[in-house]
Number of protein chains: 2
Amino acid sequence: MTISQTGKSNERPAAKLPEGYTIRPIETDDYERGVLKTLATLTTVGEISKPEFANVIKEWASHGDTYTTLVIVDGQDQVVGVGSIIIELKLIHACAKIGHIEDISIRGDQQGKKLGLLLIQSLTKIGEEKGCYKVILDCDPKNKGFYEKCGYQQAGLEMDIRF
Amino acid sequence: MTISQTGKSNERPAAKLPEGYTIRPIETDDYERGVLKTLATLTTVGEISKPEFANVIKEWASHGDTYTTLVIVDGQDQVVGVGSIIIELKLIHACAKIGHIEDISIRGDQQGKKLGLLLIQSLTKIGEEKGCYKVILDCDPKNKGFYEKCGYQQAGLEMDIRF
């Protein structure tokens with residue numbers, strides 16, 4: 001599967017999935033396909049039961065176009081990549097939308113296959129197709145170069161407060 | 001009105017609204033109270049009719065707890081401050097939530113009254129009350145000091161792509 005490039009990144013070559021791999025929206029049975037283990041490459045996931053997992057997928061789906069989570073599945077039917085985009089409706093720019101890319105994770109043994117690039121391209125394309133005028137994401141400074149390869153540029157600083 | 005401080009910012013003094021000012025969720029009739037003019041302090045708003053404005057408020061309300069937009073109203077019943085928090089449900093950290101603060105704007109002639117600080121404190125408190133483990137926002141590097149006064153700290157870089 002080839003994902004066509006969008007926006008500023010359209011001068012760059014589109015990433016291709018390796019033979020036998022697919023990319024598609026997350027589904028409840030991805031619980032058994034190791035999606036949480038893949039997500040644990042990124043950060044702490046904790047104990048999530050299948051009903052709890054199913055409840056998050058259902059809750060996301062109840063918000064129309066707001067949430068899209070994509071998974072990359074390998075030839076052994078295992079989830080090796082996962083990432084989300086959240087579409088936000090604003091008042092500014094004549095009631096415009098923006099996309100927030102969140103929680104990109106590629107399984108450690110799958111590095112070097114450009115799966116991260118393909119996931120970002122695919123989520124960015126969804127943002128563009130849903131009418132966003134821009135897509136934003138926050139990253140560690142060490143990953144800035146990767147996102148520049150995906151067509152992104154630095155726009156500001158991420159600030160946080162934790163409870 | 002005093003907004004109690006939350007999280008890391010609870011060592012700092014809580015901001016107080018000037019006499020006669022109120023802070024509350026946005027409503028459709030704020031269209032006539034100059035909310036779009038206040039938002040235009042931040043960025044381009046464009047032509048938005050009252051039905052279009054009402055439609056955004058209605059769309060936000062249809063997403064349960066996802067969107068909260070607060071306005072600060074002065075003694076002349078004019079909106080002099082506006083800001084939003086979007087609550088995102090995640091899988092990571094045992095199906096945790098985070099808040100995204102967006103589109104903070106204080107009318108130019110209202111600077112120096114700590115309305116920005118009060119708005120950020122109020123939106124942050126909403127994030128905490130709705131069960132977020134953190135609240136994030138993106139800012140221009142020149143505003144970093146202001147957000148540090150609000151109890152925030154730098155967490156990463158904001159990257160964007162525009163269409």
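Per chain, numbering begins at 1; letters A, B, ... match sequence-line order.
One finds the CG atom of A/Leu119 at 8.5 Å from the CG atom of A/Leu115 (value rounded to the nearest 0.5 Å). Within the model, atoms CG of B/Leu118 and CD1 of B/Ile72 stand 5.0 Å from one another, a figure rounded to the nearest 0.5 Å. Taking SG of A/Cys150 as the start and NZ of A/Lys114 as the end, the distance is 10.0 Å to the nearest 0.5 Å.
When all heavy atoms of B/Cys95 and A/Val56 are compared, the pair lying nearest together is SG-CG2, 3.6 Å. B/Leu17 approaches B/Ile23 most closely through the heavy-atom pair CD1-N, 3.7 Å.
Within the 4.5 angstrom heavy-atom criterion, only side-chain atoms of A/Ile26, from C-beta onward, approach chain B. For B/Ile57, no part sits under 4.5 Å from any heavy atom of chain A, backbone or side chain. Contacts of A/Thr66 with chain B are made by side-chain atoms alone, with heavy-atom separations under 4.5 Å and no backbone atom involved. Using a 4.5 Å cut-off between heavy atoms, A/Ile101 makes no contact with chain B at all.
Ranking A/Gly46, A/Pro141, A/Gly127 against chain B, the residue ahead of the rest is A/Pro141, based on heavy-atom pairs under 4.5 Å. When B/Met159, B/Glu102, B/Glu52, B/Gln154 are compared by the number of non-hydrogen pairs under 4.5 Å with chain A, B/Met159 comes out ahead. Heavy-atom pairs under 4.5 Å with chain B peak, among A/Leu91, A/Leu39, A/Ile48, at A/Leu91. No other option in A/Ala40, A/Gly64, A/Ala155 has as many heavy-atom pairs under 4.5 Å with chain B as A/Ala155. Of the listed residues (A/Lys144, A/His93, A/His100, A/Glu47), the one with the most heavy-atom contacts under 4.5 Å to chain B is A/His93. Per-residue heavy-atom pair counts under 4.5 Å with chain A were compared for B/Val35, B/Leu36, B/Thr43, B/Asn143, and the maximum is reached by B/Thr43. Highest contact tally toward chain B, considering only A/Ile92, A/Leu157, A/Val45, A/Thr69, is held by A/Leu157 [criterion: heavy-atom pairs under 4.5 Å].
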Below 3.5 Å, can you tabulate the donor-acceptor pairs from side chains in residues 129-138 of chain B to any protein atom, sequence neighbours excluded?
| residue | atom | partner | partner atom | Å |
| --- | --- | --- | --- | --- |
| B/Glu129 | OE2 | B/Lys125 | NZ | 3.1 |
| B/Lys130 | NZ | B/Asp65 | OD1 | 3.1 |

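You'll find the side chain of A/Gln153 stays beyond 4.5 Å of the side chain of A/Tyr147, heavy atoms only. Residues B/Thr28 and B/Lys50 form a side-chain contact, since some pair of their non-hydrogen atoms from C-beta on lies under 4.5 Å apart.
Contact annotation for residues 73-90 of chain B against chain A (heavy-atom separation below 4.5 Å, listed by residue number): B/Ile86, B/Ile87, B/Glu88, B/Leu89, B/Lys90.
For the ring-ring contact (aromatic ring centres under 6.0 Å, His included) condition, the pairs that include at least one residue of residues 38-60 of chain B, sequence neighbours left out, are B/Tyr31-B/Phe53, B/Trp60-B/Tyr67.
Looking at A/Glu128 and A/Lys97, no side-chain N of the basic residue comes within less than 4.0 Å of a carboxylate O on the acidic one, giving no salt bridge.
Remark: A/Glu59 pairs with A/His63 by the side-chain hydrogen bond (donor to acceptor under 3.5 Å, both in side chains) rule, at least two apart or across chains.
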